[in-house]
Chemist: 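First the structure, then my questions, so here it is.
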Amino acid sequence: MLRVRCLRGGSRGAEAAHLIGVSRAVTGWVQKAFQSSSSAAAAQPKCAVEEEHITEPIHQESPVCSYNEWDPLEEVIVGRAENAHVPPFTVEVKANTYEKYWPFYEKFGGQLFPADHLKKAVAEIEEMCNILHHEGVIVRRPEPIDWSQEYKTPDFTSTGLYAAMPRDILLVVGNEIIEAPMAWRARFFEYRAYRPLIKEYFRKGAKWTTAPKPTMADELYDQDYPIRTVEDRHKLAAQGKFVTTEHEPCFDAADFIRAGRDLFVQRSQVTNYMGIEWMRRHLAPDYKIHIISFKDPNPMHIDATFNIIGPGLVLSNPDRPCRQIDMFKKAGWTVVKPPMPLMPDDHPLWMSSKWLSMNVLMLDEKRVMVEANETTIQKMFESLGIMPIKVNIRHANSLGGGFHCWTTDVRRRGTLQSYFD
């Protein structure tokens with residue numbers, strides 16, 4: 001008999017060696033299964049085939065560890081604007097975009113975003129990466145992918161979008177990377193851009209979980225979702241009606257925000273209750289999931305509405321008040337209302353609102369990455385004793401995200417604590 005030893009590490013539990021008995025007939029398969037062509041994997045092998053003798057597991061730290069949004073940032077994934085394509089104008093895209101941009105989607109769906117705008121966005125994100133390096137943060141990037149390729153499943157046909165917003169698809173909880181299932185058909189294969197990185201982290205000891213992938217069949221969407229005006233959206237959202245149904249679990253990672261043992265989530269156009277329940281069961285009993293809601297006509301991703309920036313310190317969008325805000329005040333949290341954004345009305349925002357001004361990235365409790373043109377929120381942070389790191393990503397904003405969206409923190413230096421009682 002041969003035995004395969006697979007080692008894994010993690011910050012929350014003891015490492016373990018798993019023994020799998022296999023016959024000599026599958027020796028070649030076993031050796032191939034754990035052989036990697038990448039130099040990183042070759043330099044740090046995690047699996048070995050050996051005869052009978054099994055040694056003690058090697059203790060190792062996970063390269064992935066983050067419990068909240070503000071501990072000192074050590075490593076981060078920053079998205080790519082390269083080759084970003086306008087998504088086809090499907091029902092779920094229509095429900096998540098503003099009416100003024102619908103003609104844009106109808107005309108350019110499946111094509112590149114405007115080339116000049118995209119070029120400027122790419123340059124801005126490169127500069128953002130340079131500044132992160134300067135601040136002592138390790139920066140990793142997803143793979144460039146051709147998003148123009150049409151793909152077909154048994155349920156739908158689509159082209160892709162981009163790998164610009166890792167926060168949407170990857171959620172780090174402790175030493176675990178969770179791949180979100182997503183809800184837009186144009187984002188069905190977005191995970192492929194991040195797989196080389198995730199496999200590297202996994203080989204080095206991180207936990208890796210992929211949530212159940214939805215079929216994204218027609219039944220997942222309300223094909224007759226009645227959107228005509230902003231008032232319609234307010235009414236539907238207040239009634240708990242969204243374009244996604246409860247046909248199967250779906251969620252975007254960006255609808256969750258972390259505060260140690262407590263995670264807060266909203267039911268949105270891309271995150272349904274089945275998806276939230278899957279996360280609740282998956283993370284229990286170590287973590288609690290709290291559902292909160294907002295007066296928001298177009299809920300999609302929580303971090304430009306409710307952004308936790310420190311222990312017991314949260315930015316709460318004054319245009320989208322949180323219906324459960326009293327429970328945070330009772331827990332002793334400080335709720336800060338950020339100033340109105342300064343973005344000009346004529347600046348294109350194809351997938352988001354001006355409130356990306358509060359979509360900031362905390363480098364630690366005393367440093368924040370913030371838009372260079374948003375001077376009023378910079379002053380707000382200074383009044384809180386937080387130093388703004390000013391970066392201009394106005395053109396990158398147009399693709400649907402601020403600093404928090406454009407990143408996923410892989411590792412922050414901190415421990416698991418409870419901040420919400």
Side-chain angles (χ1 to χ4, degrees), residues 66 68-81 84 120-142 162-172 252-258 300-310 313-315 317 336 338-339 341-343 347 349 351-382 384 386-412:
S66 182
N68 56 50
E69 311 290 340
W70 62 83
D71 278 340
L73 183 63
E74 296 182 339
E75 185 166 338
V76 69
I77 299 172
V78 177
R80 287 190 180 276
K120 292 176 181 177
V122 169
E124 288 171 351
I125 297 305
E126 288 298 326
E127 180 60 13
M128 172 184 165
C129 291
N130 292 336
I131 293 171
L132 284 166
H133 279 301
H134 181 75
E135 294 295 327
V137 180
I138 297 170
V139 175
R140 309 300 303 274
R141 310 295 300 276
Y162 53 34
M165 310 294 165
R167 188 76 58 174
D168 296 356
I169 191 170
L170 300 177
L171 179 65
V172 172
D252 281 11
D255 271 323
F256 293 81
I257 197 156
R258 306 159 302 152
M300 178 183 175
H301 302 164
I302 200 170
D303 49 2
T305 300
F306 198 78
N307 196 356
I308 302 173
I309 60 171
L313 181 62
V314 62
L315 300 182
N317 190 322
V336 178
L342 300 178
M343 186 176 291
H347 187 79
L349 286 171
M351 297 188 186
S352 52
S353 78
K354 294 182 180 182
W355 282 107
L356 290 177
S357 58
M358 62 174 283
N359 188 259
V360 296
L361 177 68
M362 302 302 296
L363 305 189
D364 54 38
E365 288 186 46
K366 296 300 180 182
R367 291 180 299 160
V368 59
M369 186 163 275
V370 63
E371 169 57 45
N373 296 287
E374 294 288 343
T375 55
T376 52
I377 200 168
Q378 292 167 22
K379 292 176 181 178
M380 181 208 76
F381 281 117
E382 289 170 349
L384 294 170
I386 301 171
M387 182 178 71
I389 308 296
K390 304 167 188 177
V391 187
N392 179 11
I393 61 166
R394 275 286 192 248
H395 293 85
N397 286 157
S398 301
L399 297 178
F403 298 102
H404 199 254
C405 296
W406 274 92
T407 58
T408 286
D409 39 306
V410 173
R411 190 171 61 257
R412 289 182 181 270

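Values reported hereafter were calculated over all heavy atoms of this structure, with side chains retained and with hydrogens, waters and symmetry mates removed. The structure presented is a predicted model; accordingly, all values stated were derived computationally and were not measured.
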Chemist: List for me each residue that meets side-chain contact (heavy atoms from CB on, under 4.5 Å) alongside Val76, sequence neighbours excluded, and say none if there are none.
Modeler: Leu73, Val78, Leu132, Val137, Val139, Thr407

Chemist: Check Glu69 with Arg167, please: is the shortest side-chain N to carboxylate O separation under 4.0 Å?
Modeler: yes

Chemist: Go through the structure and list residues passing side chain to side chain donor-acceptor pair (under 3.5 Å) with Asp255, not counting sequence neighbours.
Modeler: Gln266, Ser268, Thr271

Chemist: When you check the gap from the basic side-chain N to the acidic O, do Arg258 and Asp409 get nearer than 4.0 Å?
Modeler: yes

Chemist: Sequence neighbours excluded, which residues qualify as side-chain contact (heavy atoms from CB on, under 4.5 Å) partners of Ala121?
Modeler: Ala81, His395, Ala396, Leu399

Chemist: Output all residues satisfying side chain to side chain donor-acceptor pair (under 3.5 Å) with Glu126, sequence neighbours left out; order by chain, then residue number.
Modeler: Arg141

Chemist: Partners of Ala164 by side-chain contact (heavy atoms from CB on, under 4.5 Å), sequence neighbours excluded?
Modeler: Tyr162, Trp406

Chemist: So if I apply the side chain to side chain contact (heavy atoms under 4.5 Å, CB included) rule between Glu371 and each of Asn397, Val391, Val360, which one comes out positive?
Modeler: Asn397

Chemist: Excluding sequence neighbours, so at least two apart, what forms side chain to side chain donor-acceptor pair (under 3.5 Å) with Asp252?
Modeler: His301

Chemist: Can you list the residues that meet the salt bridge (charged side-chain N to carboxylate O under 4.0 Å, His left out) rule with Arg394, with sequence neighbours excluded?
Modeler: Glu374

Chemist: List in chain and number order the residues that pass salt bridge (charged side-chain N to carboxylate O under 4.0 Å, His left out) with Glu74, two or more places apart in sequence or in another chain; answer none if no residue qualifies.
Modeler: Arg411, Arg413

Chemist: Who pairs with Arg80 by salt bridge (charged side-chain N to carboxylate O under 4.0 Å, His left out), at least two apart in sequence or on another chain?
Modeler: Glu82

Chemist: Hey, does the side chain of Gln378 reach the backbone of Val370 with a donor-acceptor pair shorter than 3.5 angstrom?
Modeler: no

Chemist: Looking at residues at least two apart in the chain, or sitting in another chain, which of them share a side chain to side chain donor-acceptor pair (under 3.5 Å) with His133?
Modeler: none

Chemist: List in chain and number order the residues that pass salt bridge (charged side-chain N to carboxylate O under 4.0 Å, His left out) with Glu135, two or more places apart in sequence or in another chain; answer none if no residue qualifies.
Modeler: Arg367

Chemist: Return the set of residues passing side-chain contact (heavy atoms from CB on, under 4.5 Å) with Ala123 (not counting sequence neighbours), or none when no residue passes.
Modeler: none

